[in-house]
There are 2 protein chains.
Amino acid sequence: MLNPTVVSHTTVRRSNRTPVAAPRTSTRCSVCAMRHLCMPQGLTLDDLPKLEALICSARSVRRGEAVYRAGDAFDNLYVARSGSLKTVMAHRDGREQVTGLRLAGDPLGIDGISTGFHTCSAVALEDSSVCIIPYSALKHLCRETGAMQDRLHRLMSEQLIRESSQMMVLGSLSADERVAAFLLDVSERNGQRGYSHAEFNLRMTREDMGSYLGMTLETVSRTLSRFQKRGLIDAQGKLIRIIDLEGLRHL
Amino acid sequence: MLNPTVVSHTTVRRSNRTPVAAPRTSTRCSVCAMRHLCMPQGLTLDDLPKLEALICSARSVRRGEAVYRAGDAFDNLYVARSGSLKTVMAHRDGREQVTGLRLAGDPLGIDGISTGFHTCSAVALEDSSVCIIPYSALKHLCRETGAMQDRLHRLMSEQLIRESSQMMVLGSLSADERVAAFLLDVSERNGQRGYSHAEFNLRMTREDMGSYLGMTLETVSRTLSRFQKRGLIDAQGKLIRIIDLEGLRHL
DNA sequence: CGTGGCGTTGATAGTGTTCAAAATTGGTGG
DNA sequence: CCACCAATTTTGAACACTATCAACGCCACG
C-alpha cells in the first residue's frame with residue numbers, strides 16, 4: 001500500500017516552518033518520482049527513456065502562488081508532485097469558486113487543451129511542486145506509445161468522473177452530506193497515496209471548503225463542530241482525524 | 001451560420017407524432033453527417049476514408065431509452081446525431097441527478113474510458129440517433145492522424161470545462177441565476193447548431209431541469225413563471241422563447 | 001506586542017423545500 | 001379524429017435549512 005517515493009506530508013509541513021531554500025527554478029524531475037506520479041502504470045521498460053525526455057522539469061510553487069491562471073496560454077500539462085493545490089474558476093462578476101482539490105499524482109491543466117487557454121487557475125494550498133509536461137511533446141509520445149495514450153485518456157476520463165461526482169454532491173446533497181462526502185473523498189485519496197485514511201492535514205481554509213461544497217464558511221465550521229460533538233471526527237483547525245468512518249458514510 | 005446537414009428539430013418533432021418506421025438496427029452513418037457532427041474540423045481529405053471506416057454505424061434511440069447505462073461495459077464512444085439526451089448519475093442511495101444535456105454533435109460515453117465501465121447513463125429526451133464510434137478503432141486512428149488526436153483531446157477538454165462551469169452554477173448561483181444561466185446556455189448551443197437563439201423546444205421535464213440545476217421542480221416552475229411575468233421569456237410548457245436576452249444575462 | 005487572517009459561535013432573516021391540490025398537456029387506444 | 005388517462009406543470013401555504021450579520025478568540029507573523 002505505502003508508496004515510499006511520494007514526498008510525505010510531514011516533510012512538506014516541516015518545510016513550511018523552516019523554509020529550506022527550495023530551488024525556485026526548474027529542476028530535473030527524478031526518475032523515481034516520474035515512475036510513480038507522472039507517468040504511472042502500463043508502460044513497458046522501452047518507454048521509460050522516452051518519458052524521461054518528455055518530463056524534463058519540475059517547478060516549486062509557494063503557498064498561494066499559481067501554477068497557471070485563467071486566461072494564461074496553454075502549453076503544458078502538470079502533475080502535482082508534492083503538496084496540494086486547488087483549482088479555481090471565476091464568474092464574470094468576480095465571484096470565485098473552488099472547482100477541485102489536487103493531491104500528489106493528480107493532473108492539472110487539462111482544461112487548457114480545448115481553447116489553448118486555461119479557463120481556471122491552479123493555486124498551491126501549501127508549498128508544493130509540480131511536474132511540467134509539455135503538451136506538444138506528450139501528444140507526440142502518445143502517438144508512438146499506446147500505453148501512454150491510454151494513460152492520458154484515462155486521466156482525462158477520471159477527471160471527468162470526478163467532476164460529475166462533485167456536480168452530484170452540489171446538486172443533491174445536504175450540507176451535512178456534502179461535508180461528510182468531502183471528508184470521505186479526501187480520506188480515500190489520502191489512503192490511495194499510502195497515507196492514513198483516518199488523519200490528514202487539510203490545507204484548504206473553511207472558505208475554500210465552503211466554496212468547493214457550495215456553502216458558506218460558517219456552515220462548514222458549524223457542520224464540522226457538530227460532527228465533532230457527535231463523535232464522528234476530531235478536528236483541530238486544519239488537522240482532521242476521522243473517528244467514525246461508517247458514521248460519516250451513513251450521513 | 002445555418003448548418004443544413006444537421007437534422008432539424010422540427011423534423012424530429014414531427015417524427016414523434018407520426019412515427020415513421022425508423023431503422024432500429026444499426027444503419028450506415030451518412031458521410032455528410034459524419035463530416036459535420038462526428039469528426040469535424042481539422043482533418044485533411046486524406047483522413048476522410050479512414051474516418052468513414054471508423055464510424056461505421058448509427059443507432060436510433062427512442063425517448064426514454066438509454067444509449068448506455070451506468071455499469072455497462074465501455075466499448076464505444078457516441079456522438080449525438082439528432083435529438084437530445086441527458087446524462088444521469090445515481091447516488092448509492094438511489095437518488096439520481098442529471099449531469100448533462102447533450103445536443104447534436106455532443107460526445108457521449110467518455111466517462112467509460114477510465115474504468116472500462118460507464119459511470120453514468122445516457123437517456124434520450126426525445127427520439128434521437130447517435131453515431132457509434134468503437135473506442136479501440138478510434139484510439140488506433142488517433143495514433144495515425146494528429147488531427148484526429150487533437151480533436152479527441154479537445155472534445156474531452158471541452159467536456160471538462162462544461163462540467164466545471166456547471167459546478168460553478170451549482171455552487172455559486174441563486175435559483176434565478178441558475179435557471180437564467182441554463183436558458184442562456186441552451187440558447188447559445190442552439191445558435192451554434194444553426195437554430196434560433198431565441199426559441200427552442202426544451203425536451204427536459206421541469207424535474208430534469210431541477211435535478212440538473214440542483215433545485216426542485218417546483219422552484220424551476222415558479223422561476224420560469226416569474227421570468228415570464230417580468231417579460232424575460234415566454235414559456236409554453238417545453239417550448240421556450242427568450243424575449244429579453246440581456247435581461248437574463250444581468251440576472 | 002500589535003495586527004491581520006482564520007475559525008468559531010450566536011441571533012436573525014431569507015431563500016428554497018415540502019406538502020398539497022388543481023390545471024394542463026400529450027400520448028394512447030378506441 | 002377524438003376522448004381519456006397518466007404524466008407533467010402550476011400555484012399556494014407552512015416550514016426547514018442555510019445564509020447573513022456580528023462578535024469574539026486564536027494563532028502566526030512581522
Side-chain angles (χ1 to χ4, degrees), chain A residues 13-19 62-64 86 95 97-98 123 125-127 169-180 201-229 233-240 251, chain B residues 12-19 62-65 86 95 97-98 123-127 169-180 182 201-229 233-240 251:
Chain A
R13 227 186 304 155
R14 181 149 41 79
S15 84
N16 275 354
R17 294 203 185 106
T18 49
R62 283 284 179 79
R63 182 163 71 90
K86 63 177 175 183
R95 275 179 288 188
Q97 165 134 3
V98 174
V123 178
L125 293 168
E126 60 191 300
D127 293 358
V169 167
L170 290 169
S172 305
L173 304 191
S174 69
D176 280 14
E177 292 172 319
R178 291 181 203 193
V179 174
N201 209 318
L202 242 189
R203 312 304 286 228
M204 282 180 153
T205 65
R206 299 291 186 257
E207 186 170 15
D208 284 334
M209 280 192 246
S211 173
Y212 182 55
L213 297 175
M215 49 208 259
T216 58
L217 65 96
E218 291 96 329
T219 302
V220 172
S221 178
R222 269 187 258 271
T223 304
L224 289 173
S225 298
R226 206 156 0 91
F227 283 0
Q228 182 146 2
K229 280 189 195 108
I233 65 170
D234 181 39
Q236 308 270 336
K238 297 199 192 322
L239 186 67
I240 290 178
L251 251 154
Chain B
V12 172
R13 230 185 301 153
R14 182 151 39 80
S15 83
N16 276 352
R17 295 205 185 103
T18 48
R62 283 283 179 80
R63 183 165 69 91
E65 262 190 328
K86 64 178 174 182
R95 273 179 291 188
Q97 164 135 4
V98 174
V123 177
L125 292 169
E126 59 191 300
D127 293 358
V169 166
L170 291 169
S172 304
L173 304 191
S174 70
D176 281 14
E177 292 172 319
R178 290 181 204 193
V179 173
F182 178 61
N201 207 318
L202 242 188
R203 314 303 287 227
M204 281 179 153
T205 65
R206 299 290 186 260
E207 186 170 16
D208 284 335
M209 279 192 247
S211 173
Y212 183 54
L213 297 175
M215 49 208 256
T216 60
L217 65 96
E218 291 96 330
T219 303
V220 173
S221 178
R222 269 187 259 271
T223 305
L224 289 173
S225 298
R226 206 154 3 88
F227 282 1
Q228 182 147 359
K229 280 190 194 108
I233 65 169
D234 180 39
Q236 309 270 335
K238 297 199 192 325
L239 186 67
I240 290 178
L251 245 153

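Letters go in sequence order (proteins before strands), and every chain restarts at 1.
In this structure, Leu170(B) and Arg178(B) have side chains that are in contact, with non-hydrogen atoms separated by less than 4.5 Å.
For Arg222(A) against dG7(C), a side-chain-to-base donor-acceptor contact under 3.5 Å is absent.
More than 12 heavy-atom neighbours from other residues, nucleotides or ligands sit within 6.0 angstrom of CD on Glu218(B).
The side chain of Thr216(A) lies closest to dA19(D) when the candidates are dT9(D), dA19(D), dT8(C). Listed candidates were dC6(C), dT20(D), dA20(C). Nearest to the side chain of Glu218(A) is dT20(D).
Among the atoms of the strands shown, only primed sugar atoms or phosphate atoms (P, OP1, OP2) are found under 4.0 Å from some heavy atom of Thr205(B). Nucleic acid contact for Thr219(B): base, since at least one base atom lies under 4.0 Å from a heavy atom of the residue. At a threshold of 4.0 angstrom between heavy atoms, the contacts of Leu217(A) include nucleobase atoms, whether or not backbone atoms are also involved. Counting any heavy atom pair closer than 4.0 Å across all strands shown, Ser225(A) reaches sugar-phosphate atoms only and no base atom.
Axis deviation across the helix from dC1(C)-dG30(D) to dG30(C)-dC1(D) amounts to 50°, comparing end segments of five pairs, rounded to 10 degrees.
Close to dG7(C), at under 4.0 Å from its OP1 or OP2, lies a side-chain N or O of Lys238(A).
For the pair Glu177(B) and Arg95(A), the salt-bridge criterion is met [side-chain N within less than 4.0 Å of a carboxylate O].
Residues from residues 169-177 of chain A lying near DNA chain D, meaning a heavy-atom separation below 4.0 Å, are Ser174(A), Ala175(A) in numerical order.
Between Ile240(A) and Ala235(A), the shortest heavy-atom distance links the atoms CG1-CB, 4.2 Å.
Computed from coordinates, the Met209(B) CE to dA7(D) P distance equals 19 Å when rounded to whole Å. Taking atom CZ of Arg206(B) as the reference point, atom P of dT25(C) lies 12 Å away to the nearest angstrom.
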